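Keep in mind it's a predicted model, so treat the numbers as computed, not measured.
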Amino acid sequence: MEGNLPQQQCHPASTAVEKDDLVIPIIDFGPFLNGTPADKHEVAMSIVDAFKSSGFLYLKDHGIPPSVVSRVFGSSGRFFSRSQDQKDGLCWTTPQSNRGYVKTGQEKLSTVDDAAGASRTTPDLKETMEIGREGVDGFPNRWPDHIDDEGKDFKEVMLSFFDMCKSLHTEVMRAIALGMHLPEHFFDAYVDAGDNNLRLLHYPSVPKEVFKQNPGQVRAGEHSDYGSITLLFQDRRGGLQVRSPKGTFVDVTPIADTVVVNAGDLLARWSNDIIKSTRHRVVEPPAAIGEEENDSTIYPDRYSIAYFCNPNMNQFIEAIPGTYEEETRPAKYPGITTGDYLVQRLTATI
């Protein structure tokens, strides 16, 4: 990231990241949630412009209180501090379910080989807890509520947060609809089930020598997300990087009280690639100002929370009206149901 983060944001957007032709704005979502029709239109256009150019944006005044986010991070941290036996007892089972605990080294997100093929042979340095929509027949969430009172509290906190993120997803999709010159509620029937995935992530502390001895080792491999959009809540450690148009990776530094929002592959497919789903990764965090690294450096734990938003599992996804012309810009992808697409992608990571 170049320069200093802005102290005051213009209405409705200002630039947070600008490097190597990658521009990521901070967008104030408050005017969309509470403003006039003109305010909503201005915010909507800013969001779609960001998704067309970089595929990423920071959203502030998004309606989820900082106190709630802090409570979710605290509950997540306590979950990951449980014994390995307790976590393994809640293990992830199938791509169809996509619920439960995934231990460190089990997942390998990257599908891109470097010159040595390292990314295909090096698992990610993270553990996760996957939480899906509650009440789906045959696919129960793997809650720790039977273990102790903290497990009961964990379930309560995560179910409440899941619903808050679902509401934010709906509002962002309404903004995308307006920004694409569609009726504001165009996507409502596509996303009303809340077939989304709340992923709690813990990247354990790692000695610097691990990265030095294993070229290509990352905390989460280079990938694009699968669904419509992703809401990412970061802690202060850093390490998220986005691939620029020049092929470099640019730091997406955490900004307090914002959520990073990026477009996923299904939304890009839905928009006939008018919207970009940009590849990104998580690496060892950059050194803090005034901090010197040496061979004995240990990179600290990192926590983040990703809410992966999807169309309803039974929805058939094909190019949105207005994104294609039979003669000049034909539809690039055959239609596919959300469920079939996500299972294909999840199967490839395990």
Return the minimal non-hydrogen interatomic distance between [X] and [Y], and the atom names on each side.
{"X": "Ser271", "Y": "Thr323", "answer": "O-CB, 3.4 Å"}
{"X": "Ile131", "Y": "Phe162", "answer": "O-CE1, 3.6 Å"}
{"X": "Pro311", "Y": "Asp195", "answer": "O-CB, 4.1 Å"}
{"X": "Ser277", "Y": "Ser224", "answer": "OG-CB, 3.6 Å"}
{"X": "Gly194", "Y": "Asn312", "answer": "N-OD1, 4.0 Å"}
{"X": "Cys309", "Y": "Leu231", "answer": "SG-CG, 4.2 Å"}

Hey, are the side chains of [X] and [Y] touching, using non-hydrogen atoms and a 4.5 Å cut-off?
{"X": "Thr248", "Y": "Val250", "answer": "yes"}
{"X": "Val43", "Y": "Ser46", "answer": "no"}
{"X": "Asn141", "Y": "Arg133", "answer": "no"}
{"X": "Asn98", "Y": "Asn197", "answer": "yes"}
{"X": "Lys60", "Y": "Ile27", "answer": "no"}
{"X": "Asn314", "Y": "Thr338", "answer": "no"}
{"X": "Asp153", "Y": "Arg71", "answer": "yes"}
{"X": "Tyr333", "Y": "Leu266", "answer": "no"}

Determine yes or no for a side-chain-to-main-chain donor-acceptor pair under 3.5 angstrom, with [X] supplying the side chain and [Y] the backbone.
{"X": "Thr230", "Y": "Leu232", "answer": "no"}
{"X": "Lys87", "Y": "Phe80", "answer": "yes"}
{"X": "Arg243", "Y": "Arg281", "answer": "no"}
{"X": "Ser75", "Y": "Val72", "answer": "no"}
{"X": "Lys276", "Y": "Gly264", "answer": "no"}
{"X": "Thr128", "Y": "Leu201", "answer": "no"}
{"X": "Arg302", "Y": "Pro204", "answer": "no"}
{"X": "Arg142", "Y": "Cys91", "answer": "yes"}
{"X": "Asp124", "Y": "Gly221", "answer": "yes"}
{"X": "Ser160", "Y": "Glu156", "answer": "no"}

First locate atom [atom1] of [X], then atom [atom2] of [Y], and finally report the distance between them rounded to the nearest 0.5 Å.
{"X": "Leu22", "Y": "Thr278", "atom1": "CG", "atom2": "OG1", "result": "7.5 Å"}
{"X": "Tyr58", "Y": "Asp257", "atom1": "OH", "atom2": "CG", "result": "13.5 Å"}
{"X": "Asn262", "Y": "Arg279", "atom1": "CG", "atom2": "CZ", "result": "12.5 Å"}
{"X": "Met173", "Y": "Glu184", "atom1": "CE", "atom2": "CD", "result": "12.5 Å"}
{"X": "Phe32", "Y": "His41", "atom1": "CZ", "atom2": "NE2", "result": "11.0 Å"}
{"X": "His62", "Y": "Ser167", "atom1": "NE2", "atom2": "OG", "result": "13.5 Å"}

Joint cluster assignment, [X] & [Y], ILVMFWY side-chain distance < 4.5 Å:
{"X": "Phe186", "Y": "Met180", "result": "yes"}
{"X": "Phe51", "Y": "Phe308", "result": "no"}
{"X": "Met45", "Y": "Val172", "result": "no"}
{"X": "Met129", "Y": "Val136", "result": "no"}
{"X": "Val23", "Y": "Val17", "result": "no"}

Can Ile298 and Val206 be said to form a side-chain contact (heavy atoms from CB on, under 4.5 Å), step by step? CA-CA 6 Å; Ile298 295 180; Val206 185; over 6 Å; no
Between [Y] and [X], is there a salt bridge with N-O shorter than 4.0 Å?
{"X": "Glu127", "Y": "Lys103", "answer": "no"}
{"X": "Asp145", "Y": "Lys152", "answer": "no"}
{"X": "Arg199", "Y": "Glu130", "answer": "yes"}
{"X": "Asp273", "Y": "Lys52", "answer": "no"}
{"X": "Arg82", "Y": "Glu150", "answer": "no"}
{"X": "Arg237", "Y": "Asp301", "answer": "no"}
{"X": "Asp188", "Y": "Arg174", "answer": "yes"}

Any donor-acceptor N or O pair under 3.5 Å, side chains [X], [Y]:
{"X": "Trp270", "Y": "Gln315", "result": "no"}
{"X": "Ser244", "Y": "Asp21", "result": "no"}
{"X": "Asn310", "Y": "Ser228", "result": "no"}
{"X": "Thr337", "Y": "Asp340", "result": "yes"}
{"X": "Tyr101", "Y": "Asp88", "result": "no"}

In this structure, which one of Tyr303, Phe73, Phe161 forms a ring pair (Phe, Tyr, Trp, His ring centres under 6.0 Å) with Phe233? Phe161
Pro25 and side-chain contact (heavy atoms from CB on, under 4.5 Å): which partner among Asp49, Ile47, Leu57? Leu57
Arg236, CZ: over 12 other non-hydrogen atoms inside 6.0 angstrom: no
Show your working on side-chain contact (heavy atoms from CB on, under 4.5 Å) between Leu267 and Ile229 and close with a plain yes or no. CA-CA 7 Å; Leu267 183 56; Ile229 62 171; 3.9 Å; yes
For Phe79 together with His202, are the ring centres under 6.0 Å from each other? no
His280 vs Phe56, test: ring pair (Phe, Tyr, Trp, His ring centres under 6.0 Å). Steps then yes/no. CA-CA 10 Å; His280 50 285; Phe56 271 78; 5.3 Å; yes
Evaluate side-chain contact (heavy atoms from CB on, under 4.5 Å) for Cys165 paired with Asn196, printing each intermediate quantity in order. CA-CA 9 Å; Cys165 290; Asn196 305 322; over 6 Å; no
Run the numbers on Arg329 and Asn272 for side-chain contact (heavy atoms from CB on, under 4.5 Å), then give the verdict. CA-CA 9 Å; Arg329 185 184 174 89; Asn272 207 30; 3.6 Å; yes
